[in-house]
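Comments concern the structure below.
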Amino acid sequence: MVNPLISDRDVDFLLYEVFDAPALCSLPAFADHGRPTFDLVLQNSRRFAREVLFPTYKAMDAEPPRLENGRIVLHPLWHKIYPQLVALDVIAASRPYAAGGQQLPLLVTTLASTYLMAGNLNAAGLVGLTAGAAHLIEEFGSDALKQDFMARMYRGEWTGTMALTEPQAGSSLADLKTRATPTGEGHYRIKGSKIFISAGDHNLTDNIVHMTLARIDGAPAGIKGISLFAVPTRRWQGSTLVDNDVAVAGMIHKIGWRGGPSLALEFGERDDCHGWLVGEPGRGLSCMFQMMNEARIMVGANGVSTASVAYHQAVLYARERLQGRPPSVKADASRPPVPIIEHADVRRMLLRQKAIVDGGLALLAVTALQRDLAGHSTTQHERHRAGLLLDLLTPITKTFPAERGFEANALSLQVHGGYGYSSEFLPEAWLRDQKLNSIHEGTTGIQGLDLLGRKAVADGGAALSILTEEIEQAVQKASAAGVFPAACTRLREAMARIAELTMQLAQKGLAGDVEGMLLHSADYLELLSIVVVSWLWLQQATVATQQLGQDQGDADSYQGKLCAAQYWLATELPRVSHLIDLCRSGEDSYARMQPAWF
Amino acid sequence: MKILVTAKRIPDPGQKIKLKGNALDLSAANWQLNQFDEYAVEAALRLTEDGAAPATRQGAVTVASLGPADVQQQLRSALAMGADKAIRVEAKDEELDAVIVAKTLEKLVRRDQPDLVLMGKLAADNEGNDVGQRLAALLGWPQATFACSIQVVDGGKALLVGREVDNGVEIKKVRLPAVVTVDLRIIAPQAVKNGRTAANFAYPEGPRYASLKGIRAAKDKPIEALTLSGLGVSTALQVKTHGSELPPARQAGKKIASVHELVEKLRSEAKVL
């Protein structure tokens, strides 16, 4: 058996049984599409990921890019897969026809992209970055920039990056120093250093457009002084591309995502780096948030994909690897050894991975669905509601697959035993890859602050109320179907207590104790993540129960869903109460701890 | 060049086979296009285009299938790859045999007059490998089976077809119109030469992946719906399925102490001596 990367059955289950993707086609934006189109899109991603991308993964992990004469040289396999990836038109899949896209719902394209990520995350990452960068220009750029940059990026002729981070200002963008000097000729001269720029240089395309944050001369300090620029590696001089003074200052030697380069870039060493303003001066960060939010969901998709490919590898291994005998016949050496999947503890490890992977995939789907509804619903009320829920879910969708995915990836390695702890087997590579997801595009710590400090308390907790409504609906459906009654009660109670807790913490913040309010933001993020994923498991279990009752489809897959749901609700939901207590108590050990005491 | 390509849907060969009683249970089957038919679609597209980007086409590719309405999904998949139109003849899988399929195709060919019928060498479900041969006989056309290369010659009036045979590759010249069934290697980067595509042009290995633009375009391409009775094909089955069963599970191996014992067991248990 070969690794399916992502289970087709699980994706179809989410799209067609849980979230009703074809219903989106009643919205004018998606009226052209239907299930036949969605199925072809998925079929393409599945096959391309399995036949073309996955076979390149190990070789690209083993031989990272090289920095030669100031330029990055990629693994030769990149040159084989990139043109094929571009030919699929996936870069602009979800963008409007007018921008050169195919106007597909994100619910479909996001799930389709998980196959590509699970097959080879570096290749899929380059597509995602380019799409996000081009989308910034589409949304905020001038017509000239759209024609010069965006169209070429959506066609894959050029690629894109996000150039935010600077050596002295990692996550703290308020401190960034890169400067932009007006030239009076419609562009700016850019000067500064950036670091950790993924795909910041390569030899795949003629050009790379860096979406760069910088301060226009004389701009105020802090966030308000930051503007967004499109800065290409090469710029037009007449009809030829000439060097635009963007130099590779160094390459990061990463432990994961090793197929693609992450670079330190130097803009304007020779004072000859031209950049073009995107959006209004001083609005750079708010523009950039569009790309960052997209990137955060992409990180979540990557977390799920990286955990999924490792989970499927572990299942395949556990079915084939013969070792030991069940406890009941342990003493009987004449009995043949059994596949390790026969051992209860191995099944525990596999089911835990499944609970995380399928739960994460559902989280990704529900988040992508909110993006579609927020952008394209026909009423302002529905768009607003979906937008609020999307805002609340984004830090969770970014973090849950990263943190729990890392746990799942470690379990996949564990299932492989001593072999898993060797580089001959793939699980260690995926474990290394996964670790980045809790770091890039806002660390887990930052996501916790974002969730509690902004998203949960915005508009008097409006988003949390919407989540409560959604959970109530799911609980009612589950109760009607007789699914996990104890979990239904627990989930309902949890939401009531979370609303109360959030109000209490918000009041603490309003009273001036912001530090006290945010002290347990990481626990709060974990708490809400468990609740949201439990909600999604309850929905999946309800559908699976109904389908089994009607003798519909693949019984094995529904039984698997029910066991995974049972496992998740039995092992994780009880932790909610404990986490609420912890957040409420204001437990202050690390608040009091002094640097010298460590 | 007008090409008719056949496209059969089959259950995913990677899926575990399920039985209900003594019949195949295909209720949870994942249907897909027979891989050899997909190779035939790819070969037909290569015969009608120039390999450049954007490619210019000369000729038309029609894809035909027999089956229930669901088969449209496999036909759309071929249209998304680039075929121009499709024909679906309404039928239930269990009410078809190779004779009915071949006679149906004969009617379509007589009606539409293609220059070439391209087919997979067999369908990977029952591995029948006889529809192409039957069709050629019904039409009285030349046939070349197991094609691993196709070259258009004589100003488009004939094909040089490389056939995979037991002791190598046999090159046959067939005049058109003809029936050609294709083997795996027809999708090698330079297996198809139409005389227009640059001689050094190399396709990526394998059948192409549809682009999203192709998928969207496929939605608006015509799928003609026909019936067996409308075409005047008799629906009497000449091949009947009496039952299906899984092969017996393999017995565990045994270690044997001596050659003598081996000979004994080959004689008494395996009964091969």
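Since the structure is predicted, the reported quantities are computational estimates derived from the model, not experimental observations. Quick note on labels: first sequence line is chain A, next is B, and so on, each numbered from 1.
No more than 12 heavy atoms of other residues, nucleotides or ligands shown are found within 6.0 angstrom of CZ on A:Arg335. Within a 6.0 Å radius of CG in B:Leu19, other residues, nucleotides and ligands contribute more than 12 heavy atoms. Remark: A:Gln550 CD is packed, more than 12 non-hydrogen atoms of other residues, nucleotides or ligands lying under 6.0 Å away.
For the pairing with B:Leu212, the side-chain contact (heavy atoms from CB on, under 4.5 Å) check across A:Leu104, A:Leu88, A:Thr37 returns one residue only, A:Leu104.
Taking every heavy atom of both residues into account, B:Pro204 and A:Gln84 meet most closely at CB-NE2, 4.0 Å. Scanning both residues, A:Asp89 and B:Lys213, for their nearest heavy atoms gives OD2-N, 2.8 Å. The two residues B:Ser211 and A:Ala87 make their nearest non-hydrogen contact at CB-O, 3.1 Å.
Of the possible donor and acceptor atoms, none in the side chain of B:Gln73 sits under 3.5 Å from a partner among the backbone N and O of A:Asp39. In this structure, the side chain of B:Lys219 engages the main chain of A:Asp32 through a donor-acceptor pair within 3.5 Å.
Sorted by first and then second residue, the salt bridge (Lys or Arg N to Asp or Glu O under 4.0 Å) pairs with a member in residues 182-197 of chain B read B:Lys121-B:Asp183, B:Glu164-B:Arg185; sequence neighbours excluded.
For B:Thr241, the side chain to side chain donor-acceptor pair (under 3.5 Å) criterion is met by no residue, not counting sequence neighbours.
Contact annotation for A:Tyr97: only side-chain heavy atoms (C-beta onward) come within less than 4.5 Å of a heavy atom of chain B. Of the atoms belonging to B:Ala210, heavy atoms from both backbone and side chain fall under 4.5 Å from chain A.
Comparing B:Arg216, B:Lys18, B:Arg76 by heavy-atom pairs within less than 4.5 Å of chain A, the highest count is held by B:Arg216. Across B:Ser77, B:Gly214, B:Ser27, B:Ala28, the residue that shares the most heavy-atom pairs under 4.5 angstrom with chain A is B:Ser77.
You'll find the side chain of B:Gln32 stays beyond 4.5 Å of the side chain of A:Gln43, heavy atoms only. The side-chain heavy atoms of B:Pro207 and A:Arg47, taken from C-beta on, include a pair separated by under 4.5 Å.
The pair B:Glu205-A:Lys80 does not meet the salt-bridge criterion, since no charged nitrogen lies less than 4.0 angstrom from a carboxylate oxygen.
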(message) Set out, in order, the CA-CA distance, both residues' side-chain angles and the distance that settles side-chain contact (heavy atoms from CB on, under 4.5 Å) for A:Asn44 and B:Ile215, then state yes or no.
(response) CA-CA 10 Å; A:Asn44 246 18; B:Ile215 291 173; 4.0 Å; yes
